[in-house]
Structures are given as C-alpha cells and as structure tokens.
Amino acid sequence: MKTYNHFIDGQYVEPIAKKWLDSMDPYRGEAWAKIPQGCEQDADRAVKAATRALQEGPWATMNGSQRARLMNKLADLVEQNIDRLAELEVKDNGKLIAEMKGQVTYHPSWWRYFAGLADKIEGRVVPIDKPEHFAFTRREPVGVVAAITAWNSPLLFVAWKCAAALAAGCTVVVKPSEFASVSTLAFAELTREAGFPDGVFNVVTGLGHEIGSALVDHPDVAKITFTGSDVTGARIYSQAAKTMKRVSLELGGKSPNIVFDDCNLTAAASGAISGIFAATGQTCIAGSRLLVQNSIKEKFTERLVELGASAKKGDPMSPDTNIGPVTTKPQYQKILDYMEVAKAEGARCILGGGPATSADLPGGQFVEPTIYTDVTPQMRIAREEVFGPVLSIIGFEDEADAIRIANDTIYGLAAGIWTQNMGRAIRVSSAIKAGTVWVNTYRAISYMMPFGGMKYSGIGRESGVEAIDEFLETKSTWISYSEDVPANPFVMR
Ligand code: NAD
C-alpha cells in the first residue's frame, strides 16, 4: 500500500504529527493508500510557503504571459498522464472509469483557457471628473488562496479553482476531501515538472475539521474557494468572516428537471436517467426532482423504470458498468436513511428502494437505482439533497405550476427543461432561479461557461471569463498633475 505525503514548497513532505489516514477503495471496501492526516502546523507550513512564493519568489515578478507558459506546459503534462490520474480517482471515489477519464481528458482545457486570460487582466483609465487628475484601476491577485474540495470530482475541482487562481497571479493551498485525496497529491508532481516555482501550488490533506478548518482560520489566507455541502459551506462562510476572507462557495442542489408533454420523450427519458443515475447520483447537479406534466406522467414513468432497471451495477473500472458503488460509508448510510424517510412519507417506490447486494458487488456500498413517484413538493425526499441515485417524480399541470414547484426550494444550482416549444423554453428558463439551465440537454459543462449557484447553492462563479474575477481585487490609483497646492487642507477635494 503506497503512503503519500503533503506537497509543500515544491516537495513531498511528511505530516508534522507523523499521522496518516487510510484511503478506502469504495468498490472493494478496503484501504488501498495512506494519506497524511494534516494538522494546524502543516496548514501553517503550506500557507507560509504560498505566502513566500506570492511575495518573494519568481512568481511575484512573473507577468501574465510567463504564468501562461507554465500553465500550458502543465496542461500538456496532464494530457500525458490521463490514464494514471483517472485510475487513481476511480480507486478513491469509485466513479466510473469512463466518467473520470472524460473529466481528466477535459481537465487541460481549463489550464489552457485561463492561460489565455492570464495576460488579459486589465484595469481601466477612468475619465475622472476631478480636474488635473489621472485616475486608473489595476487588478491585483487577491493573495494566498485555500481551495477546499469535495470527493466526487477531485481533479476537475483543482482545474476549476486553481487554473483561474494561478492565472490571476495568486498562489494556492489545496485541501482535497479526505475520502479522495490521492489524485490531487499525484497531480502536484506535475506542477513541479511544468516548472512552477516552489510554493505556488501546495497540497495538504486530512480531515475537514482539523486541517481544513485551520486553513479557514489562517490569517495569511486571503480567499477560500470551496466545493462541498451547504452545511460545511455555511460554517466556512461564518468562520472566514472573522479574518474577513473572500469566499466562493460551490454547494449542493435539488435540481428540477422539467418534462413538458410536447418534448421528445426519448431524449427526455435519457436526460432524466443520466441526470440522476450518472455518477451514482453523486453529483451536485443531479436532476433529483423530476417534474413531469400530468398528461404524460404515467407513460413517461414507465419508460424511466424500464431504462433505470437496465442499469448494470458493478466494478467502476469495467467499461460496461453503469452504476458504481457509493463513495463513502456515511454517504451510503445517508442514502438508505432517505429511502426510509421516503417510505414513511408515503412516496410510492417504483424502482429499487434499498441496498444492492450480490456476490459480484463486494465492499457493501452499493444501492439500487431508485425511483419514487407521487412525491409531493413538501416531502423531505423532494426538498433535501440525497446525493445518490434516488429520483423523486412530481406531477404538474401547466407552465406556471412547473415554475412554482421548480422554484420551491432553498437551492438554485441547476435545472433542466424538456420541450419542443422554444417560447416556453425561454419563458421557463428565465423564470427559474438557478445558476445553470439546460434545455433539451442535461449535465453539459464547459471551461467557457460560468458555473455556480444561486440561493443556498453557493456564491460566485467558476469557469468562463467571470471566474478570474473571484481571484482579483481592484485597486484605484489617483495621480494629481496639478501644480497648485490645495487651498484648504481641511476639506476633501
Ligand atoms: P463536505 O462539505 O463534507 O466536504 C467538502 C470539503 O470540505 C472536504 O475537503 C472536507 O474535508 C472539507 N471540510 C469539512 N468540514 C470542514 C471544516 N469545518 N472546515 C474546512 N473544511 C471542511 O462535502 P462532500 O461530502 O465532500 O461533497 C458532497 C457535497 O458537495 C454535496 O453537497 C454536493 O452537492 C457538493 N458539491 C458541489 C459542487 C458544485 O460545484 N456546486 C460540486 C460537487 C459537489
């Protein structure tokens, strides 16, 4: 079993307390690697390295074009290591190899896109209203960034957060999830190979309430960019206020996927299934509330059950597996608990509804893909994020009814609309409070397109040109070119 170490100041270093955690393979249910259980001192060491790199190292004087060259080199190196990195991710989080390989293959696009932006960070000359003044703004890196990530797509989150942060000129300390840290630790080596100066990119691992919390408290961290649950996000948001940190949060969702009776039913059924069963439902954008127009609800539900029942559970490394294990034991238990809640609330189970056990499913972390119908918007199964392959079907009458139910949630991450009527698509997509709305498609993402949540789903945007703003501060500079001395020094000019 391989033992990994923190990556600080350009090298792998043992945790100060000499403590490691087991990293579990969720498919086999056994430990397969060891990762450092970092403490406050490890966090401090990493933040000091990042601060030095920001203030003194060659990074501090590099211009955007020079940073871009390193980022492009890193993208090339990731491309040469796709299989190795994707396999590490599958070992850790049990998601399908096809999905993780797709994510790692796409990962370099973020580095290249933000490399393209690194030398286009421009201020403005303001045609100022005060006489004999020259006034301009410049955009400066916010400082040391702590990037705290979730277990479902570790390297994708590194790309989303760090490509924008490094393009802006910041330095970073990444704290991946204790359930899936290995790929991020392995990726760190590539930043050294690409030639990033020591201390620009650091990775520390361990438990959220220990080393994660220490990063949030650290006075030299200027910004937290976080992906995870809304409960942790809220804790971090209030904790970060004590040191007045900037905070971006990518949190959970209970996304409505709305099927109108005028849609292409085959496409909608496939979109509904992929919206909830892909990644074993462990995705923040899961279309976990399926709103189906009452006129087609019965017919459409039958199709879904047929499609859902055809999903093959098994080894996530096998190309013909459709549903892998749940990544963590607590998450597995949480999904089963929600199945009990759904039953108690009177939702009608028409597929699955329990654990999946058979000889070819080792590890004890599989659940059946599950569909509940006759769900009402008040039920907990319709309101709370399950983060598993559990779909709630809710019927609706018309457009207004669909919009009302769709927006009846604390979340606002994503939504889907299935209709052939483009007028309806535009009306409904503009009425829904969500950061992303897909029409006749679902789960599409791109480095070019801003992504993030409204309401409890988060603060800020990742990807797209907007993302770089999250890592910049605007400075206003005023220069007087007047020869006159102010007549009255006690009055503001
Ligand atoms: P989580 O909130 O349990 O953990 C996320 C990270 O926060 C981990 O690295 C963890 O160690 C750290 N953490 C925990 N407590 C902390 C503390 N007190 N201080 C600092 N750090 C702490 O989330 P998870 O279970 O890893 O991920 C699942 C959640 O993430 C779901 O709610 C999902 O919707 C959300 N998610 C959101 C997005 C998005 O982009 N919006 C993407 C993927 C997942």
Side-chain angles (χ1 to χ4, degrees), residues 21 23 26 35-38 40 43 92-93 95 99 103 146-161 173-181 184-185 203-218 221 224-240 242 245 247-255 278-288 326-335 384-388 409-414 434-436 443 445 449-463 467 470:
L21 297 164
S23 204
I35 57 156
Q37 182 179 353
E40 201 180 324
D92 253 354
N93 70 10
K95 282 172 67 176
E99 170 129 349
Q103 288 188 1
I148 302 176
T149 60
W151 42 259
N152 53 340
S153 302
L155 282 180
L156 203 60
F157 300 146
V158 167
W160 291 12
K161 294 174 186 310
V173 178
V174 185
K175 207 302 277 175
S177 165
E178 55 272 36
F179 294 108
S181 289
T184 306
L185 287 167
V203 182
V204 292
T205 67
L207 302 174
H209 66 273
E210 293 179 359
I211 193 158
S213 180
L215 288 169
V216 178
D217 280 338
H218 201 293
V221 171
I224 302 286
T225 169
F226 170 80
T227 295
S229 64
D230 55 317
V231 173
T232 309
R235 181 177 301 142
I236 287 176
Y237 196 21
S238 64
Q239 197 175 325
K242 286 185 229 145
K245 288 182 175 48
V247 177
S248 311
L249 304 169
E250 291 289 345
L251 309 176
K254 192 76 193 177
S255 300
T280 315
Q282 302 171 115
T283 139
C284 52
I285 49 181
S288 51
V326 174
T327 301
T328 74
K329 267 268 180 266
Q331 185 55 36
Y332 170 75
Q333 193 49 53
K334 182 177 158 199
I335 296 170
E384 299 172 18
E385 186 186 46
V386 177
F387 218 59
T409 172
I410 58 168
Y411 296 109
L413 191 59
T436 294
R443 280 188 99 215
I445 55 151
M449 201 63 172
F451 178 84
M454 296 184 182
K455 306 197 285 188
Y456 277 57
S457 290
I459 296 170
R461 292 293 177 269
E462 297 187 325
S463 303
E470 305 282 335

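Whatever order the structure lists ligands and atoms in, that order sets their numbers, starting from 1. Throughout, numbering of the chain's residues begins at 1 and tracks the sequence.
One finds the CD atom of Q282 at 7.5 Å from the CG atom of N93 (value rounded to the nearest 0.5 Å). Taking CG from L215 and NZ from K175, the interatomic distance works out to 8.5 Å, rounded to the nearest 0.5 Å. Here the CZ atom belonging to F451 is positioned 5.0 Å from the CD1 atom belonging to I285, to the nearest 0.5 angstrom. I148 CD1 to I224 CD1: the interatomic distance, rounded to the nearest 0.5 Å, is 4.5 Å. To the nearest 0.5 Å, atoms OG (S213) and CD (E40) are separated by 8.5 Å. Considering CH2 of W160 and OG of S248, their distance stands at 13.0 Å, rounded to 0.5 Å.
Legend: residues meeting side chain to side chain contact (heavy atoms under 4.5 Å, CB included) with A159, ordered by chain and number and at least two apart, are H107, W110, W111. Residues satisfying the salt bridge (charged side-chain N to carboxylate O under 4.0 Å, His left out) test with E385, not counting sequence neighbours, are none.
Among all non-hydrogen protein atoms, the one lying nearest atom 25 (O) of ligand 1 is W151 NE1, 3.0 Å. Closest protein heavy atom to atom 41 (N) of ligand 1: L251 O, 2.8 Å. When only non-hydrogen protein atoms are considered, atom 27 (O) of ligand 1 lies nearest to A150 CB, 3.3 Å. In this structure, atom 20 (C) of ligand 1 lies nearest to the protein heavy atom G212 C, 3.3 Å. Scanning the protein for heavy atoms near atom 15 (N) of ligand 1, the closest one is T232 CG2, 3.4 Å. Ranking protein heavy atoms by distance to atom 8 (C) of ligand 1, first place goes to T149 O, 3.3 Å. The nearest heavy-atom contact from the protein to atom 35 (C) of ligand 1 is G228 O, 3.1 Å.
Residue F451 approaches ligand 1 through these ligand atoms, each under 4.0 Å from one of its heavy atoms: 40 (O). Within the listing of ligand 1, atoms 1 (P), 2 (O), 23 (O), 29 (C), 30 (O), 32 (O) sit less than 4.0 angstrom from a heavy atom of S229. Taking every heavy atom of P176 and a limit of under 4.0 angstrom, the matching atoms of ligand 1 come to 9 (O). Counting atoms of ligand 1 from 1 in the listed order, those under 4.0 Å from a heavy atom of F387 are 28 (C), 31 (C), 33 (C), 34 (O).
In this comparison of E462, Q331, Q282, E250, the heavy atom closest to atom 40 (O) of ligand 1 sits on E250. The heavy atom nearest to atom 39 (C) of ligand 1, out of those in G206, C284, P330, G458, is found in C284. Ranked by closest heavy atom to atom 18 (N) of ligand 1, the top entry among R235, E178, E385 is R235. Summarising the contacts of atom 43 (C) of ligand 1 with V216, I148, N152, the nearest heavy atom is found in N152. Among S457, G435, G208, the residue whose heavy atom lies closest to atom 16 (C) of ligand 1 is G208.
Between K175 and ligand 1, a contact under 3.5 Å exists for at least one N or O pair.
Applying the 6.0 Å contact sphere to OH of Y237 captures no more than 12 heavy atoms from other residues, nucleotides or ligands. Within 6.0 Å of OH on Y456 lie no more than 12 heavy atoms contributed by other residues, nucleotides or ligands.
Under 4.0 Å from ligand 1, the heavy atoms of F226 that appear belong solely to its side chain. Looking at I236 against ligand 1, only its side chain comes within 4.0 Å, counting heavy atoms. Neither the backbone nor the side chain of D230 has any atom closer than 4.0 Å to an atom of ligand 1 (non-hydrogen atoms only).
Between K161 and E462 there is a salt bridge, since a side-chain N of the basic residue sits under 4.0 Å from a carboxylate O of the acidic one.
Inside a 4.0 Å radius of atom 4 (O) of ligand 1 there is not any protein heavy atom.
The shortest heavy-atom contact between H218 and K245 is O-NZ, 2.6 Å.
Under the 4.5 Å side-chain criterion, counting only non-hydrogen atoms from C-beta, F226 is in contact with L251.
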